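As the structure is a prediction and not an experimental result, all values here were calculated from the model. Indexing begins at 1, ligand by ligand and atom by atom, following the structure's order.
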Amino acid sequence: MSDIILITGATGNVGRELVSLLHKSGQPIRAAVVSEAEAASLPPDVPWCVFDFTNPRTFPAAFAGVDRLFLMRPPHLSNIQRDIKPAIEFAAQSNVRQIVFLSLLGAERNPVVPHAKVETLLQKGAVPYTLLRCGFFMQNLSTTHRDDIRAANDIFIPAGMGKTAFIDVRDIAAVATKVLTEPGHEYKAYALTGSEALNYQEVAQLMTAVLKRPITYSRPSLVRFAWRKWRAGWPAAYVGVVSGIYLTTQLGLAQEITEDVPALLGRPPLTMRQFVRDHAAVWETEPASSINAHNMKEVLS
Ligand SMILES: NC(=O)c1ccc[n+]([C@@H]2O[C@H](COP(=O)([O-])OP(=O)(O)OC[C@H]3O[C@@H](n4cnc5c(N)ncnc54)[C@H](OP(=O)(O)O)[C@@H]3O)[C@@H](O)[C@H]2O)c1
């Protein structure tokens, strides 16, 4: 019997780290990529398949011999019944014995978010599941907001002085590795955050100290943020979603610190200082010609 772990979103923030951890540990895995061209960005020797949630013809080859599934909802897919349910149903038919879902902190109290709809499908479905309800990723600063920091030395985020218990995606991948590779995590939900809640003024001070150049937090209003991002070409719906997320931060809903990461990993979560140190090169100003294919994807995402 085959015991392959299928990893969706294998080129994304969490999936990329998870692929690396599981592959290094010798687990049989299959990295799911949307197109063949994306496979080039995977570590060498990682088995991969083309998989698209919106194209069921990609399912049979992707799920062949698969025993466990790491399920990530691509951020632009919000119609869960249409776009995510078919893959969950196919997993059940394929005798997948566990689905680990990358969810959102507080999804159980917020039926409006797409993650809650996925959780409901899993809870009503036939396959044992594990829910990883994650707080804000530190990596939002090195992807979505990278250009503002790199080009203008400014964190341009409408979060007021609200605090966030940021989590490093490397910790999420470590937790996912654990729950996918040891028994006893079926039908469990974990709330994953870092160990400190910071506002963006504190993040800017920390970045200033680590990057050794002044980084400010301009604390824009929601309207100013939305206007500037829309003018810069972000789709209106995406501007709305991101603004809504930062409104919740303003209201103090992102600051709760949980104990599940240290309890599961037996060590404290990675800190924001460590994250900034490890990613310092990402915010360095560099000539356009030195932007490689990998970080160009992040610039465009
Ligand atoms: N950012 C946060 O603070 C935060 C916090 C909690 C939860 N989350 C949730 O985490 C999830 C995103 O995870 P992430 O940041 O690791 O991913 P990500 O970096 O946003 O990458 C998205 C991944 O989805 C893949 N993808 C795009 N369209 C697809 C399709 N039609 N079929 C299959 N795969 C597709 C992409 O492949 P390509 O590279 O080929 O495009 C990429 O690997 C979202 O559900 C988000 O709501 C985020």
Identify, by atom number and element, the atoms of ligand 1 in contact range of [X], meaning under 4.0 Å from any of its heavy atoms.
| X | value |
| --- | --- |
| L104 | 6 (C), 7 (C) |
| V14 | 16 (O) |
| P75 | 20 (O), 22 (C) |
| L102 | 10 (O), 11 (C), 13 (O) |
| H76 | 27 (C), 28 (N) |
| G9 | 23 (C), 43 (O) |

Any Lys/Arg nitrogen of [X] or [Y] sitting under 4.0 Å from an Asp/Glu carboxylate oxygen of the other?
| X | Y | answer |
| --- | --- | --- |
| D148 | K229 | yes |
| D83 | R73 | no |
| E108 | R133 | yes |

Point-to-point distance, once rounded to the nearest 0.5 Å, from [atom1] of [X] to [atom2] of [Y]:
| X | Y | atom1 | atom2 | value |
| --- | --- | --- | --- | --- |
| I84 | K117 | CD1 | NZ | 12.0 Å |
| R224 | S218 | CZ | OG | 5.5 Å |
| N199 | R219 | CG | CZ | 8.5 Å |

Heavy atom of [X], distance to ligand 1 below 4.0 Å:
| X | answer |
| --- | --- |
| R133 | no |
| T8 | no |
| G135 | yes |

Of the side chain and backbone of [X], name the one, both, or neither that has a heavy atom under 4.0 Å from an atom of ligand 1.
| X | result |
| --- | --- |
| T11 | both |
| N140 | side chain |
| H115 | side chain |
| M72 | side chain |
| S103 | backbone |

Can you confirm, on distance only, whether ligand 1 has an N/O atom lying under 3.5 Å from any N/O atom belonging to [X]?
| X | value |
| --- | --- |
| F136 | no |
| L77 | no |
| F53 | yes |
| P74 | no |

| query | If you measure only the distance, is there a donor-acceptor pair under 3.5 Å linking the side chains of D278 and Q274? | reply | yes
| query | Which word best sums up how the rings of Y200 and Y217 line up, parallel for under 30°, tilted for 30 to 60°, or perpendicular for over 60°? | reply | tilted
| Aromatic ring pairing F63/F59, orientation class (parallel under 30°, perpendicular over 60°, tilted between) | perpendicular
| Is the ring centre of Y187 less than 6.0 Å from the ring centre of Y129? | yes
| message | Among V118, V34, I172, which one puts a heavy atom closest to atom 25 (C) of ligand 1? | response | V34
| said: Heavy atoms only: which of D52, I84, I245 lies closest to atom 31 (N) of ligand 1? | reply: D52
| message | Within the 4.5 Å heavy-atom criterion, are V210 and R273 side-chain neighbours or not? | response | yes
| remark: Per side chain to side chain donor-acceptor pair (under 3.5 Å), T130 is matched among Q98, H185, K178 by Q98
